[in-house]
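What follows is a set of notes on a single structure, which appears directly below.
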Amino acid sequence: MQLVEWAESTAEQFLKDSLPRRWAHVQSVAGRAGRLVSHLGRDGEILHATAWLHDVGYAPPLAVTGFHPLDGAHYLQTVDVPARVVDLVALHSSAAAEASALDLDEEMAGFVDERTLTRDLLWFVDMTIGPDGQCMDFEARMDDVRARYVPDHYVIRALDAGMAERRAAMARASEWIDSVGIADQV
Ligand SMILES: [Fe+2]
């Protein structure tokens with residue numbers, strides 16, 4: 001089975017019935033990624049597959065540590081996918097900053113942040129799709145997360161710790177999308 005098809009069926013298997021809201025989010029994230037892939041050359045497959053898989057660590061059978069990027073990456077290390085897929089899932093959307101807030105730096109140390117356009121685009125599609133799969137402006141998406149927690153909650157501390165990196169990734173992704181002239185298609 002090809003990587004993207006495998007990623008979609010794996011995400012469906014783990015999320016569709018047990019976490020339907022998360023599944024709606026993932027379907028939209030993957031849909032948005034799918035509209036970028038033809039402009040990315042060989043990395044299109046990596047972006048599309050990681051968009052399907054990025055939240056698989058929320059699935060109850062995989063949620064060992066409770067930190068979904070790490071749990072998803074640990075699962076992906078047990079199957080035959082490229083190492084880049086594992087690393088991109090482990091570190092998506094500023095997960096490293098969240099891991100620090102949770103004292104999980106040691107557990108995250110083995111994963112590599114490739115800091116590429118593909119990485120930025122994965123963060124972009126995740127951070128512009130809301131929890132129900134709706135398109136959301138980045139700032140509104142951040143406000144939506146913020147509204148769900150008290151100010152000193154670790155999620156808010158982690159959000160703030162990673163905000164500069166999130167904004168930088170958003171800016172680079174948006175600039176590339178504009179440069180290839182597809183802003184009105186994604
Ligand atoms: Fe997500």
Side-chain angles (χ1 to χ4, degrees), residues 4 7-37 46-76 81 84-99 101-102 104 108 111 113-114 116 118-149 153-156 158-163 165-170 173-174 177 186:
V4 176
E8 177 177 354
S9 68
T10 298
E12 180 175 7
Q13 173 204 327
F14 279 115
L15 299 175
K16 185 180 177 184
D17 294 332
S18 60
L19 297 170
R21 199 169 176 227
R22 182 61 50 185
W23 174 234
H25 164 80
V26 165
Q27 285 177 287
S28 293
V29 168
R32 179 161 260 188
R35 293 190 286 278
L36 299 169
V37 299
I46 296 287
L47 176 66
H48 207 179
T50 51
W52 279 116
L53 294 167
H54 77 285
D55 277 347
V56 77
Y58 279 114
L62 306 182
V64 175
T65 70
F67 185 53
H68 80 276
L70 184 60
D71 289 332
H74 281 161
Y75 163 68
L76 292 168
V81 296
R84 287 182 68 194
V85 170
V86 176
D87 288 338
L88 284 163
V89 167
L91 293 163
H92 77 270
S93 304
S94 202
E98 286 189 46
L102 286 166
L104 289 169
M108 297 293 280
F111 300 107
D113 185 353
E114 63 176 48
T116 59
T118 299
R119 171 265 215 193
D120 290 339
L121 291 171
L122 176 64
W123 293 29
F124 171 90
V125 291
D126 187 30
M127 297 190 297
T128 56
I129 297 291
D132 295 299
Q134 73 279 38
C135 285
M136 281 182 96
D137 159 274
F138 170 71
E139 297 298 338
R141 173 94 162 98
M142 295 300 103
D143 289 347
D144 180 67
V145 176
R146 199 176 290 280
R148 283 184 264 143
Y149 300 92
H153 195 280
Y154 86 86
V155 170
I156 302 300
L159 193 71
D160 289 338
M163 194 56 75
E165 204 166 10
R166 288 172 190 260
R167 281 192 208 288
M170 281 295 301
S174 300
I177 288 167
V186 299

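Heads up: numbering here begins at 1 and tracks the sequence. Just so you know, ligand 1 is whichever comes first in the structure, and atom 1 is the first atom listed for that ligand. If you're wondering where the values come from, they're calculated on a predicted model, not measured in any experiment.
- Salt bridge annotation for R167-E139: present, with a cationic side-chain nitrogen under 4.0 angstrom from a carboxylate oxygen.
- Residues passing the ring-ring contact (aromatic ring centres under 6.0 Å, His included) test with Y149, sequence neighbours excluded: H153.
- H68 pairs in a ring pair (Phe, Tyr, Trp, His ring centres under 6.0 Å) with only one of the listed residues (H92, H25, H74), which is H92.
- Protein atoms of type N/O/S that fall under 2.8 Å from the Fe ion (ligand 1) number 4 in this view.
- Here the straight-line distance linking atom CZ of F111 with atom CG of L70 works out to 5.5 Å at 0.5 Å rounding.
- The distance from the CG atom of L19 to the OH atom of Y58 is 9.5 Å, given to the nearest 0.5 Å.
- The side-chain contact (heavy atoms from CB on, under 4.5 Å) with V85 is formed by just one residue from the set L88, D87, V81; it is V81.
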